[in-house]
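Quick notes on the structure that follows.
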2 protein chains.
Amino acid sequence: MPDATIRDVARLAQVSVATVSRALNGLDNVSDLTRTRVSDAVRELGYVPHAGARSLSLSRTNAIGVVLPDLHGEFFSELVRGLDREASRSGYLLLLSNLHRGGEQAALALSAMRGRVDGLLVMAPHLREAELSATLPSGIPAVLINTRDERGGRPALHLDNRAGVRAVVEHFAAGGRKHLVHIAGPRGNIDAEERAEAFVEAAKANGLDHVIAQGDFEEESGEAVVKDLLAKGHRFDAIFAANDNMAIGALQALNEARVDVPGKVAIAGFDDIPLARHLGLTTVSVRISELGERALARLLNALVEEDAGGDELHAPELVIRRTTDPKVAK
Amino acid sequence: MPDATIRDVARLAQVSVATVSRALNGLDNVSDLTRTRVSDAVRELGYVPHAGARSLSLSRTNAIGVVLPDLHGEFFSELVRGLDREASRSGYLLLLSNLHRGGEQAALALSAMRGRVDGLLVMAPHLREAELSATLPSGIPAVLINTRDERGGRPALHLDNRAGVRAVVEHFAAGGRKHLVHIAGPRGNIDAEERAEAFVEAAKANGLDHVIAQGDFEEESGEAVVKDLLAKGHRFDAIFAANDNMAIGALQALNEARVDVPGKVAIAGFDDIPLARHLGLTTVSVRISELGERALARLLNALVEEDAGGDELHAPELVIRRTTDPKVAK
DNA sequence: CTGAAAGCGCTTACAG
DNA sequence: CTGAAAGCGCTTACAG
């Protein structure tokens with residue numbers, strides 16, 4: 001037996017479908033008697049409104065499309081958690097589409113959203129503005145997250161890498177560190193690049209000696225960099241890795257070499273993954289679920305009024321632990 | 001300017017909407033000339049089909065509803081990753097709905113899915129079968145994940161806690177351990193209860209001395225349990241914690257007390273969180289993304305043919321590391 | 001090969 | 001307060 005429709009309810013309640021619709025939507029132009037008859041029929045039939053049909057009528061779906069690249073665990077779950085929290089607060093559902101491969105597939109993923117969602121949240125780090133704009137549906141509001149959007153025409157949210165890096169470097173300076181090393185993330189990654197640039201800037205601004213070593217965001221690369229520096233006898237008293245994984249690798253290399261941390265060398269990372277807390281690693285917490293919440297809130301707002309566009313920076317937070325500060329308990 | 005519809009395309013291509021529909025869907029009863037005219041018009045207008053309208057016509061949405069409780073990071077992201085992988089392979093999108101609060105809200109969340117999805121994947125650990133059945137829409141196929149489903153009437157997937165626990169206990173036995181401690185998870189949690197029961201069973205089957213201590217899945221509780229056992233002078237040579245967090249707490253307590261691990265005491269956990277690998281903790285890997293994939297595959301199958309219902313067990317895997325075996329490298 | 005028409009399950013002016 | 005009818009944007013028998 002197929003699901004009951006509004007017609008079945010109308011027949012049972014002996015009213016028109018229009019009346020059922022009004023009663024169900026709580027309009028006030030329905031008599032009490034009719035309202036009761038309708039809700040009785042609804043209950044008897046186990047009727048649940050067909051959201052798809054409703055959307056088509058109303059040109060409103062109460063769903064938000066979320067298009068993400070392949071993200072690693074913590075980042076993905078925190079982002080979706082933030083999106084979902086804000087969405088469910090306003091009665092929206094999230095329609096998820098992961099970009100497993102890049103390019104071509106992005107266009108398809110976005111097309112598939114047409115007619116299913118009221119707005120789009122897009123994170124596409126490998127696409128440039130031009131490609132993205134060609135792909136994004138025109139009729140539907142979209143907010144970009146952490147995407148390369150040089151023109152800045154569209155509403156977008158970015159992690160404020162610069163602010164995070166500055167906080168780390170200033171923390172180093174305040175601790176009397178003079179010779180900094182930055183272990184950079186992979187080339188082509190926008191966050192990695194911003195962090196490296198900001199590092200140089202901040203080191204200069206604080207009059208600190210600084211050098212950049214190339215890593216790739218993996219733990220092993222952090223370890224390798226430090227071993228290499230030690231082998232070469234390079235002099236340094238602080239390491240800032242572009243993410244926690246590499247910082248942890250660096251920490252291991254120093255521990256193995258019996259270099260005192262933070263006595264001789266301070267170490268800081270970026271991300272604040274759970275392991276960072278466990279190891280007492282000073283880092284920059286990105287609070288990614290808050291970024292998600294903000295992004296969704298902005299999108300919902302764009303649904304009701306024009307969004308002027310432009311970047312909104314999401315400030316991360318420096319979390320000081322014992323790899324930079326011996327006074328910190330755990 | 002609102003988005004172009006199929007009528008706009010028809011007008012521009014000077015054909016009927018029926019013909020446009022046929023051309024777009026690749027039916028063969030369309031002349032080449034017509035087909036070209038249609039695709040030209042589509043391109044010129046930037047037309048993208050309205051998936052919502054299409055769904056209503058076809059009674060098929062190509063979306064799967066996913067209803068989950070509030071899950072912690074790793075578990076959530078891995079599960080969704082598995083679901084998404086399998087879904088996108090078959091051209092399905094995922095419609096996400098998190099159950100922030102229990103009970104009442106579940107019914108709403110499920111109703112909201114009506115007419116938006118072709119099938120439902122539900123994980124609702126706090127609901128019993130009866131409540132769930134009252135809530136689940138009848139017309140639409142649903143697969144349950146790790147849910148209390150005593151009757152077993154519906155298609156469901158469960159983590160095979162029993163098999164995982166058995167593997168741990170047998171590994172202990174093979175290593176010559178005789179006096180086991182199980183740190184249990186919180187009461188009322190189905191996984192925790194299954195693991196505790198299976199522990200007792202397996203210990204008996206292997207003729208091992210065994211005792212259960214109450215924990216709550218948090219690291220601190222594992223630590224507290226071990227401190228307490230040591231203080232009381234309780235004799236044990238192996239600890240199996242119901243999850244990795246508690247195992248890690250237990251490990252810390254032993255390290256502080258200078259108890260040799262694994263020399264004097266072996267420790268194993270459950271879950272295989274990233275930190276477990278890092279600390280060399282023997283554990284049971286739940287491979288949760290595979291569970292997700294399987295669940296979705298089963299649901300997709302239920303869309304085309306009747307699912308007989310009943311449980312499918314997902315076998316976890318024992319990962320042996322140095323907290324139980326000194327011979328293991330890292 | 002193509003078009004006119006009915007239908008998917010709702011909502012909402014319009015008329016009464 | 002209520003109903004008949006048109007419409008949301010598609011698909012698909014039916015006829016030609």
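Each chain gets a letter, A, B and so on, in the order the sequences are listed, and its residues count up from 1. The figures here come from the full heavy-atom set of this structure, side chains too, leaving out hydrogens, waters and symmetry mates.
Considering only residues two or more places apart in sequence or on other chains, A/Phe76 meets the ring-ring contact (aromatic ring centres under 6.0 Å, His included) condition with none of them. The salt bridge (Lys or Arg N to Asp or Glu O under 4.0 Å) test applied to A/Arg60 returns no partner, not counting sequence neighbours. Residues that satisfy the salt bridge (Lys or Arg N to Asp or Glu O under 4.0 Å) test with A/Asp160, not counting sequence neighbours, are absent from this structure. Residues meeting the salt bridge (Lys or Arg N to Asp or Glu O under 4.0 Å) test with B/Arg22, sequence neighbours left out: none. Under the ring-ring contact (aromatic ring centres under 6.0 Å, His included) criterion, B/Phe75 pairs with B/His72, sequence neighbours left out. Evaluation of the salt bridge (Lys or Arg N to Asp or Glu O under 4.0 Å) rule for A/Glu312 yields A/Arg294, A/Arg298 as partners, not counting sequence neighbours. Residues satisfying the side chain to side chain donor-acceptor pair (under 3.5 Å) criterion with B/Arg114, sequence neighbours excluded, are absent altogether.
Taken from CZ in B/Arg37 to CG in B/Leu12, the straight-line distance is 10.0 Å, to the nearest 0.5 Å.
In this structure, B/Val80 and B/Val66 have side chains that are not in contact, with every pair of non-hydrogen atoms separated by 4.5 Å or more.
Remark: B/Arg89 engages B/Glu293 in a salt bridge, criterion side-chain N to carboxylate O under 4.0 Å. Ion pairing of B/Arg81 with B/Asp84 is absent here, as no side-chain N (NZ or NE/NH1/NH2) approaches a carboxylate O to less than 4.0 Å.
Side-chain atoms of B/Ser90 never come within 3.5 Å of backbone atoms of B/Tyr92 as a donor-acceptor pair (strictly under, hydrogens ignored).
Residue pairs meeting the salt bridge (Lys or Arg N to Asp or Glu O under 4.0 Å) criterion with at least one partner in residues 23-36 of chain B, sequence neighbours excluded, do not occur; the list is empty.
Within the nucleic acid shown, A/Asp28 comes within 4.0 Å of sugar-phosphate atoms alone, with no base atom in reach, counting heavy atoms only.
Separating the CG atom of A/Leu33 from the C1' atom of D/dC1 is a distance of 11 Å, rounded to the nearest angstrom. The distance from atom CZ of B/Arg116 to atom P of C/dC10 is 13 Å, rounded to the nearest whole Å. Regarding A/Asp32, its CG atom lies at a distance of 10 Å from the P atom of D/dT2, rounded to whole Å. In this structure, the CZ atom of A/Arg60 is 15 Å from the C1' atom of C/dC10, given to the nearest Å. Atom-to-atom, CG of B/Leu56 to P of C/dA6 comes out at 18 Å; the value is rounded to the nearest Å.
The two residues A/Ser16 and A/Ala10 come nearest to each other via the heavy atoms C-CB, 3.8 Å.
Spacing of P atoms, C/dG9 relative to C/dA13, comes out at 23 Å, to the nearest Å. A distance of about 24 Å separates the P atoms of C/dC10 and C/dC14, rounded to the whole Å.
Listed pair A/Arg54 / C/dG9 fails the phosphate criterion, with no side-chain N or O lying under 4.0 Å from OP1 or OP2. Between A/Ser16 and the phosphate of D/dG3, there is a side-chain N or O to OP1/OP2 separation shorter than 4.0 Å.
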Between N or O atoms, less than 3.5 Å apart, protein on one side and nucleotides 12-16 of chain D on the other: list the pairs.
unit_1 : atom_1 : unit_2  : atom_2 : d
D/dA13 : N6     : B/Arg22 : NH2    : 2.9

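Heavy-atom distances under 4.0 Å link DNA chain D to B/Tyr47, B/Pro49, B/His50 of residues 34-52 of chain B, given in residue order. Applying a 4.0 Å cut-off to non-hydrogen atoms, none of the residues of residues 7-15 of chain B approaches DNA chain D.
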Just to be sure I follow the notation: if a pair is Watson-Crick (purine N1 to pyrimidine N3 plus N6-O4 or O6-N4) or a G-U wobble (N1-O2 and O6-N3), each under 3.5 Å, what dot-bracket string does DNA chain C give, with | for pairs to another strand?
|||.||||||||.|||
